[in-house]
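Just so you know, these numbers come straight off a predicted model, no measurement behind them.
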Amino acid sequence: MMWSLRFIETLIQDLRYGARMLMKKPGFTLIAVLTLALGIGATTAIFSVVEGVLLKPLPYPQPENLVAVRFKSDGLGIDGMAISPSHYFIF
């Protein structure tokens with residue numbers, strides 16, 4: 001019980017000291033806050049994109065049945081080239 005009270009007192013003293021030091025140098029405080037805000041914002045944006053593109057399941061009834069159609073030409077040495085819509089009209 002005494003240890004926890006001492007810990008809370010020390011924490012309050014440290015917070016007050018930190019606040020005094022931040023108020024003493026407002027330029028440093030502004031740069032530190034802006035850096036943290038940009039870092040947190042960029043991290044949130046990146047993880048939102050990763051979650052939406054990579055982690056969220058595809059909005060199809062059976063996404064495991066999706067396939068990719070590739071073009072192969074032994075004579076030209078082409079293997080695994082993606083097919084565009086114009087290829088459907090040529091072949």
Side-chain angles (χ1 to χ4, degrees):
M1 176 103 159
M2 286 300 266
W3 184 82
S4 63
L5 290 177
R6 178 70 182 143
F7 174 74
I8 293 172
E9 290 174 4
T10 304
L11 178 64
I12 291 171
Q13 286 176 354
D14 288 344
L15 290 174
R16 289 177 59 204
Y17 176 74
R20 279 197 313 268
M21 291 298 111
L22 288 175
M23 296 306 270
K24 197 174 188 181
K25 299 192 180 205
F28 172 78
T29 302
L30 179 66
I31 291 172
V33 168
L34 287 176
T35 302
L36 284 171
L38 286 173
I40 291 170
T43 303
T44 302
I46 289 171
F47 278 107
S48 295
V49 169
V50 167
E51 194 273 331
V53 173
L54 297 177
L55 302 177
K56 197 157 113 181
L58 295 173
Y60 301 108
Q62 296 174 331
E64 66 276 359
N65 292 335
L66 291 176
V67 296
V69 180
R70 300 278 179 182
F71 176 70
K72 181 177 181 178
S73 175
D74 293 329
L76 296 175
I78 298 172
D79 187 23
M81 187 173 91
I83 295 179
S84 68
S86 64
H87 285 105
Y88 290 109
F89 296 112
I90 294 172
F91 299 112

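- Ile46 and Val53 fall within a single hydrophobic cluster, where Ile, Leu, Val, Met, Phe, Trp and Tyr side chains are chained together by heavy-atom contacts under 4.5 Å.
- A search for side chain to side chain contact (heavy atoms under 4.5 Å, CB included) contacts involving Gln62 returns Glu64, Asn65, not counting sequence neighbours.
- For Glu51, there are no salt bridge (charged side-chain N to carboxylate O under 4.0 Å, His left out) partners at least two apart in sequence or on another chain.
- With sequence neighbours excluded, the residues satisfying side chain to side chain contact (heavy atoms under 4.5 Å, CB included) with Ile31 are Thr35.
- Hydrophobic clustering, with ILVMFWY side chains joined whenever heavy atoms are under 4.5 angstrom apart, keeps Leu36 apart from Leu34.
- Checked against side chain to side chain donor-acceptor pair (under 3.5 Å), Asp14 has no partners two or more places apart in sequence or in another chain.
- A search for side chain to side chain contact (heavy atoms under 4.5 Å, CB included) contacts involving Ile12 returns Ile8, Arg16, not counting sequence neighbours.
- Residues passing the side chain to side chain contact (heavy atoms under 4.5 Å, CB included) test with Leu66, sequence neighbours excluded: Leu58, Tyr60.
- For the residue pair Thr29 and Leu22, the shortest heavy atom distance occurs at OG1-O, 2.5 Å.
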